[in-house]
Amino acid sequence: MKRSKTMEFGVGLFMLAGIVGLIFLGLRVSGLSLATSSETFHLDANFSNIGGLKPRSRVTMAGVTVGRVESINLDTEWFDARVTLRLNNDLEGQLSEDTTAAILTSGLLGEQYIGLSVGGAPEVLEDGDTIRDTQSALVLEELIQQFVSNMASN
Amino acid sequence: MQSKFEQGIGYIARWGRKGCDVMEALGRAGLFLGQSAVGVPSREGWSLWLRQMHFVGVLSLAIVVVSGLFIGMVLALQGYTILVDFGAEQALGQMVALSLLRELAPVVAALLFAGRAGSALTAEIGLMKATEQLTSMEMIGVDPLRRIIAPRLWAGFVSLPILTVGFSVVGIWGGYLVGVEWLGVFEGSYWSNMQASVSFIGDVGNGIIKSLVFAVVVTWIAVFQGYDLMPTSEGISRATTRTVVYSSLAVLGLDFVLTAVMFGGL
Amino acid sequence: MTDVPFIEIEDVHFSRGSHEIFRGISMIIPQGNVTAIMGPSGTGKTTLLKLIGGQLTPDRGRIIVDGQDVHRLSRKALFALRKRMGMLFQSGALFSDLDVFENVAFPLRVHTDLPDAMIRDLVLLKLQAVGLRGARHLTPAELSGGMARRVALARAIALDPELILYDEPFVGQDPISMGVLVQLIKRLNQALELTSVVVSHDIKETLSIADYLYLLADGQVVAEGTPQALNANQDPRVSQFVHGEPDGPVPFHYPAETLYSDILGPVTATRAG
């Protein structure tokens, strides 16, 4: 009887370890946060070129992560990229209307992310609003092309 | 000429017969799985299942955890030497986590499981068959599929995904040990790059789905080989070998198919 | 002893692959008797027991146990019928993950709702009957062959069956355990008034306990009768078996060409086949 009790305990511990491991994979490895969607709000931004931006990329402000890219779609009206951002709730009503969103690269070959910087307008962005002032990703080929044509004209 | 033609025909006929045998064995194995997996859970079945969970799962934990640790450490070491050439060593966490979650943890854990638990299941059931325990159980009026096979099947189905999760966690930790503690990758970028690129549904979830599929296949092969073997000592040793060979091949082949479906954009 | 038939075997044919094991055998096994089925190795004696137990299905013919056609029963009814049968396997077939006590308790636990205390008493009584009450905590691996068979016997009678099938109970036993088993089978048959079928090729022991014998050879019943009648039978096939003569209708030599042509004939001739 005693042997079966320790066995039951072992199996229980084994299952518990599985659940704890899964929670670890969720929170620490894939960065799910326990905060639910009620604590975030959405903003849209249109870019003419998003480069290598992907859903779940970081959105930062002064280098601090404040949210993530939720989805990227093609806007068939203007034929540019419509990026939906999910930002922490405490920024709602804090960002001025002329906030700019730029697609930046961490390091030379690193991942791409969105950097926000605030402007000075009195009106603020609310849930569902669109950021007007955007700066597209730098594409290496375009840069080189520009550089070469500048050289040629000089 | 004639004899060569006849030889060819004989060759084709042998292949055909072999194909029929394979189909028949598959059918038998399928019926076997169907009949045994649908056991009505009872209080007794619960305690039998618990016993098998201990045997199949808990006792395999040590080998899986140790392998996971070393594989995570090796991944970090190899990844670092490659990534540092591109100045991208911050991406180490992402590389370690993705390769573990998507491929290595489900596959290696399943292979280890086949070697550790699968072969033991085959040998155990084979020995029960050779010593007429299965027949005598049937004569007592108890269905051995329910009493012997079902708890082992279900224990395998549940254990392997848990072992896979354990493998990933320990592997990621091993990568952290080598990458951050030893090679000096910045701790923040190890975790944040990982978090930015790993998706819970897409990577963790798909890895677990893979390991569930492998669990069903490996346990099924192991238990069926035990149940279907020739009840002699030679038969048992051959069936044990077959379990390991068949389940390894099945795991690797299925892994390709699953990867193509999940990550290959099919 | 009554002469009511408990098992009727009618014209049973059975083959495994292309090998014909039974070519139409018929037997009547009366209630309350010890009936022995004998024959040389490989004549399918164990197969016959499996046919009676419903684990194998004959190609032709019927087997009727207590008025029920075994192979026409639903799975549920078959399992219910098996509860009334006990079977003693050649190897004992004890469950290796249970100890002696739990092995004997197993049929009681699965088929009855008796409280634990009552199961304990019953198991101890059955173990007492086979003289192994003191061995209840041993595991099957710790038992000798003879003890394992006695425990298996205790398990077979745990549910007080009406029929016990013994598969080669004397094979590989030393004289002492052989004597113990002979006595146990005899005593159990009288004390519990059950029907016993003993499959064996140990002549002396089987003749000493059987009320009636069937002799199988070549897939057929070649002789039947009481031990005395069989002992006196003049049929060469019967007397070869009963008296254990090395050569006779069952030849000493496996079928082959004559030794002369095999040794002196051309070498290619033996390869050609």
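Here is how names work: the chains are called A, B, and so on, in the same order as the sequence lines, proteins then strands, and each is numbered from 1. Worth knowing before you read on, the calculation uses all heavy atoms, side chains too, and leaves out hydrogens, waters and symmetry mates.
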J.: To the nearest 0.5 angstrom, please state how far the OG1 atom of C/Thr46 sits from the CD atom of B/Glu132.
T.: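 Rounded to the nearest 0.5 Å, the OG1-CD separation comes out at 7.5 Å.
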
J.: Which one of C/Arg82, C/Lys50, C/Met87 satisfies the side-chain contact (heavy atoms from CB on, under 4.5 Å) criterion with B/Glu138?
T.: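 Option passing the side-chain contact (heavy atoms from CB on, under 4.5 Å) with B/Glu138: C/Arg82.
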
J.: Mind ranking C/Arg155, C/Met85, C/Arg109 by heavy-atom pairs under 4.5 Å with chain B and telling me who comes out on top?
T.: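 Most pairs with chain B among the choices: C/Arg155.
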
J.: So does C/Glu193 have more than 12 non-hydrogen atoms from other groups sitting under 6.0 Å from CD?
T.: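 Not more than 12 within 6.0 Å, no.
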
J.: Please answer whether the main-chain N or O of B/Val142 pairs with a side-chain N or O of C/His111 as donor and acceptor at a distance below 3.5 Å.
T.: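 Checking the backbone N and O of B/Val142 against the side chain of C/His111, no donor-acceptor pair under 3.5 Å is found.
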
J.: So for C/Asn103, is it side chain, backbone, both, or neither that comes closer than 4.5 Å to the heavy atoms of chain B?
T.: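 Neither part; nothing is under 4.5 Å.
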
J.: Looking at C/Arg136, I want to see if its CZ is surrounded by more than 12 non-hydrogen atoms of other residues, nucleotides or ligands under 6.0 Å.
T.: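 It does: C/Arg136 CZ has more than 12 such atoms within range.
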
J.: Please check if the number of heavy atoms outside B/Arg28 that lie under 6.0 Å from its CZ is greater than 12.
T.: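 Buried by this count: over 12 neighbours within 6.0 Å.
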
J.: C/Asp97 and B/Arg51: which non-hydrogen atoms are nearest, and at how many Å?
T.: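 The answer is O-NH2, 3.4 Å.
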
J.: Which atoms of C/Leu94 are under 4.5 Å from chain B, going by heavy atoms: the side chain, the backbone, both sets, or neither?
T.: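 Answer is backbone: N, CA, C or O of C/Leu94 sit under 4.5 Å from chain B.
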
J.: Determine whether more than 12 heavy atoms belonging to other residues, nucleotides or ligands lie under 6.0 Å from atom OH of B/Tyr246.
T.: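 No.
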
J.: Can you name the nearest heavy-atom pair linking B/Ser136 to C/Ala93, along with the distance?
T.: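 Heavy-atom minimum between the residues: OG-O, 3.4 Å.
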
J.: Between B/Ile140, B/Leu134, B/Thr131, which shows the greatest number of heavy-atom pairs under 4.5 Å with chain C?
T.: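 Counting heavy-atom pairs under 4.5 Å, the top option is B/Ile140.
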
J.: Please tell me whether C/Ser96 and B/Gln133 have a donor and an acceptor in their side chains that are separated by less than 3.5 angstrom.
T.: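 Yes, a side-chain donor-acceptor pair sits under 3.5 Å.
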
J.: I'd like to know whether B/Met128 forms a side-chain contact (heavy atoms from CB on, under 4.5 Å) with C/Phe95, so could you lay out the CA-CA distance, the side-chain angles of the two residues, the decisive distance to 0.1 Å, and finally the verdict.
T.: CA-CA 8 Å; B/Met128 284 183 176; C/Phe95 303 131; over 6 Å; no

